[in-house]
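All residue numbers in this chain count up from 1 along the given sequence. It should be emphasised that the depicted structure is a prediction, and the values quoted were computed from it without experimental measurement.
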Amino acid sequence: AKPKAVEFKPLPKPTQPEKIVYQGLIVEVVQQNMNEGNGKIKTYEFARRSPGIRLIIIGSDKRILLSKEYRSEIKSWDFRLPGGKIFDSLQKFNSFLATGQNILVPALTAAKKEAEEEAGIRTEDIKHFATSTCGATMRWDLFYFVVAKFTALDEQSLGEGENIETNWFTFSQAREMCLSGQISEDRSAAVLLRYLHTQAVLK
């Protein structure tokens with residue numbers, strides 16, 4: 001017997017522009033009325049945070065640069081992929097959204113900036129590798145860039161309140177840190193594992 005054809009319902013469509021009902025320093029709550037078909041209107045609500053970037057920096061000896069940073073949200077030190085914000089405020093992010101331009105353009109600019117400030121390097125070969133999109137009710141995208149060639153600077157240029165040191169790890173060490181939870185940002189651990197999977201041999 002042939003499998004029964006699935007009949008999909010109409011996709012929800014916005015009936016009016018979104019409405020920001022709350023805006024904090026880094027997170028805002030957005031509502032939007034959506035037509036679900038058959039004349040039914042439902043209010044969708046989600047939180048939105050300005051997107052960020054993360055850097056997978058590969059040295060000439062096939063090692064990965066990871067940062068060790070004190071994170072107030074977990075009240076502990078954490079190994080992380082270097083990175084930061086694309087926009088300094090929600091207002092700047094929302095203004096950019098209104099233009100309809102490609103987000104990868106400012107993301108690349110931010111990636112180069114964070115490489116210099118946090119990792120202490122000037123990028124020479126940097127490419128977008130992946131985008132991690134958070135769930136439907138919390139929209140916070142992270143853009144991952146691979147840096148394959150760079151020039152080391154004399155030192156980092158950290159912001160006030162940042163406590164960050166950097167160290168190099170082999171591919172195998174980085175993989176174990178992802179699996180053991182030493183890299184606690186699960187999204188970054190997953191993307192880093194995906195990158196390592198693209199490499200023929202772990203070293």
Side-chain angles (χ1 to χ4, degrees), residues 25-27 47-88 93 103-104 106-123 125-135 138-153 155-199 202-203:
L25 295 176
I26 61 173
V27 175
R48 180 166 60 204
R49 179 176 174 175
S50 181
I53 60 96
R54 299 290 184 266
L55 300 167
I56 301 174
I57 303 170
I58 310 300
S60 58
D61 55 354
K62 295 298 182 183
R63 290 174 179 258
I64 293 177
L65 184 72
L66 296 177
S67 63
K68 185 178 180 181
E69 178 179 357
Y70 185 82
R71 302 296 301 180
S72 58
E73 68 270 19
I74 61 174
K75 296 180 175 61
S76 182
W77 294 86
D78 185 28
F79 286 99
R80 302 171 67 87
L81 292 173
K85 296 179 291 187
I86 297 177
F87 301 97
D88 292 332
F93 175 45
I103 188 69
L104 283 178
L108 178 60
T109 300
K112 293 178 178 179
K113 176 175 177 288
E114 290 295 336
E116 294 190 10
E117 295 181 354
E118 190 168 312
I121 65 169
R122 180 172 292 115
T123 61
D125 183 353
I126 179 170
K127 292 182 176 64
H128 176 245
F129 174 70
T131 300
S132 171
T133 302
C134 207
M138 178 62 195
R139 300 184 183 176
W140 178 34
D141 293 347
L142 291 178
F143 297 85
Y144 291 80
F145 292 85
V146 172
V147 179
K149 187 178 180 182
F150 59 86
T151 299
L153 302 177
E155 60 183 9
Q156 298 162 287
S157 179
L158 299 176
E160 186 176 351
E162 288 186 315
N163 292 292
I164 303 171
E165 64 179 44
T166 58
N167 288 289
W168 293 96
F169 297 88
T170 65
F171 283 10
S172 293
Q173 287 174 324
R175 178 180 181 276
E176 289 305 314
M177 293 169 76
C178 290
L179 297 175
S180 68
Q182 285 181 277
I183 299 176
S184 68
E185 188 173 66
D186 292 337
R187 300 164 70 182
S188 290
V191 173
L192 182 52
L193 284 172
R194 190 186 312 168
Y195 171 79
L196 293 172
H197 184 69
T198 68
Q199 308 305 298
L202 292 176
K203 296 183 179 180

Which word best sums up how the rings of Phe150 and Trp168 line up, parallel for under 30°, tilted for 30 to 60°, or perpendicular for over 60°?
parallel
Using the test side-chain hydrogen bond (donor to acceptor under 3.5 Å, both in side chains), find all partners of Asp88 that sit at least two apart in sequence or belong to another chain.
none
[atom2] on [Y] to [atom1] on [X], rounded to 0.5 Å:
X: Met138; Y: Thr133; atom1: CE; atom2: OG1; answer: 12.5 Å
X: Lys127; Y: Ile56; atom1: NZ; atom2: CD1; answer: 13.5 Å
X: Arg49; Y: Leu25; atom1: CZ; atom2: CG; answer: 11.0 Å
X: Gln182; Y: Leu66; atom1: CD; atom2: CG; answer: 10.0 Å
X: Lys149; Y: Ile121; atom1: NZ; atom2: CD1; answer: 13.0 Å
X: Ser172; Y: Arg63; atom1: OG; atom2: CZ; answer: 10.5 Å

Check the surroundings of atom CZ in Arg71: do more than 12 heavy atoms from other residues, nucleotides or ligands lie under 6.0 Å from it?
yes
Taking C-beta and beyond as the side chain, do [X] and [Y] meet within less than 4.5 Å on heavy atoms?
X: Leu55; Y: Leu65; result: no
X: Ile103; Y: Phe87; result: yes
X: Val191; Y: Arg54; result: no
X: Ile57; Y: Ile64; result: no
X: Arg175; Y: Leu193; result: yes

For the residue pair [X] and [Y], what are the closest heavy atoms and their distance?
X: Lys85; Y: Ala110; answer: O-CB, 3.7 Å
X: Ser188; Y: Tyr144; answer: OG-OH, 2.9 Å
X: Ile164; Y: Ser67; answer: CG2-CB, 3.6 Å
X: Ala174; Y: Ile183; answer: O-CD1, 4.5 Å
X: His128; Y: Phe143; answer: NE2-CD2, 4.1 Å
X: Phe145; Y: Ala111; answer: CD1-CB, 3.8 Å

Taking the side chain from Glu165 and the backbone from Lys68, do they hold a donor-acceptor pair closer than 3.5 Å?
no
Let me have the donor-acceptor pairs involving side chains of residues 75-82, under 3.5 Å, with sequence neighbours excluded, atom names and distances please.
residue, atom, partner, partner atom, Å
Asp78, OD1, Ser184, N, 3.2
Asp78, OD1, Ser184, OG, 3.1
Asp78, OD2, Arg80, NH1, 3.4
Asp78, OD2, Ser184, OG, 2.8
Arg80, NH2, Glu185, OE2, 3.2

Can Ile86 and Phe93 be said to form a side chain to side chain contact (heavy atoms under 4.5 Å, CB included), step by step?
CA-CA 8 Å; Ile86 297 177; Phe93 175 45; over 6 Å; no
Start with the C-alpha gap between Arg139 and Asp141, add the side-chain angles, then the distance that decides, and say whether salt bridge (Lys or Arg N to Asp or Glu O under 4.0 Å) holds.
CA-CA 6 Å; Arg139 300 184 183 176; Asp141 293 347; over 6 Å; no
Please walk me through it: do Leu192 and Phe129 pass side chain to side chain contact (heavy atoms under 4.5 Å, CB included)?
CA-CA 10 Å; Leu192 182 52; Phe129 174 70; over 6 Å; no
